[in-house]
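Here is the structure we will look at.
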Amino acid sequence: MKITLPTDHAVDAEIDLGSDGGAFSLATRLYVSLAGMERAMAQRLVEVAHQMCPHLRATYGNIAVETTPV
């Protein structure tokens with residue numbers, strides 16, 4: 001996308017360990033801070049990154065993931 005990230009960028013994660021029918025399950029919430037970037041652009045960047053992330057691709061359908069630009 002040829003976008004320069006703000007120097008003050010960060011990703012905070014919250015991981016939930018739950019129980020689903022006797023088995024354990026995981027859920028993840030990612031809060032992406034892109035200070036100074038327009039909200040719509042930040043949302044688009046987060047969506048594209050989510051599609052390209054090797055970890056998320058490997059666990060797709062097995063872990064609930066919510067991404068939110070803040």
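Below, all heavy atoms of this structure are taken into account, side chains as well, without hydrogens, waters or symmetry copies. Owing to the predicted nature of the structure, the values given are computational and were not obtained by experimental measurement.
A heavy-atom distance below 4.5 Å is not found between the side chains of L30 and V46.
Nearest heavy-atom pair, P6 versus M37, reported as atom, atom and distance to 0.1 Å: CD-CE, 3.9 Å. Between S25 and S19, the closest heavy-atom pair is OG-N, 4.1 Å.
In this structure, CD1 in I63 is found 5.5 Å from OG1 in T28, a value given to the nearest 0.5 Å. How far OG1 of T68 is from CG of D12: 11.5 Å, rounded to the nearest 0.5 Å. A distance of 6.0 Å separates CG in L45 from CG in L34, rounded to the nearest 0.5 Å.
Panel note: side chain R29, backbone D16; no donor-acceptor pair is recorded below 3.5 Å.
Using modelled atom types, one finds a donor on one side chain and an acceptor on the other under 3.5 Å when comparing E47 with Q43.
Residue M1 places its CE atom among more than 12 non-hydrogen atoms of other residues, nucleotides or ligands, all under 6.0 Å distant.
Hydrophobic clustering (side-chain heavy atoms under 4.5 Å, transitive across Ile, Leu, Val, Met, Phe, Trp, Tyr) groups V11 together with V65. Under a hydrophobic clustering in which Ile, Leu, Val, Met, Phe, Trp and Tyr are joined whenever their side-chain heavy atoms come within less than 4.5 Å, directly or via other members, I15 and Y31 fall into different clusters.
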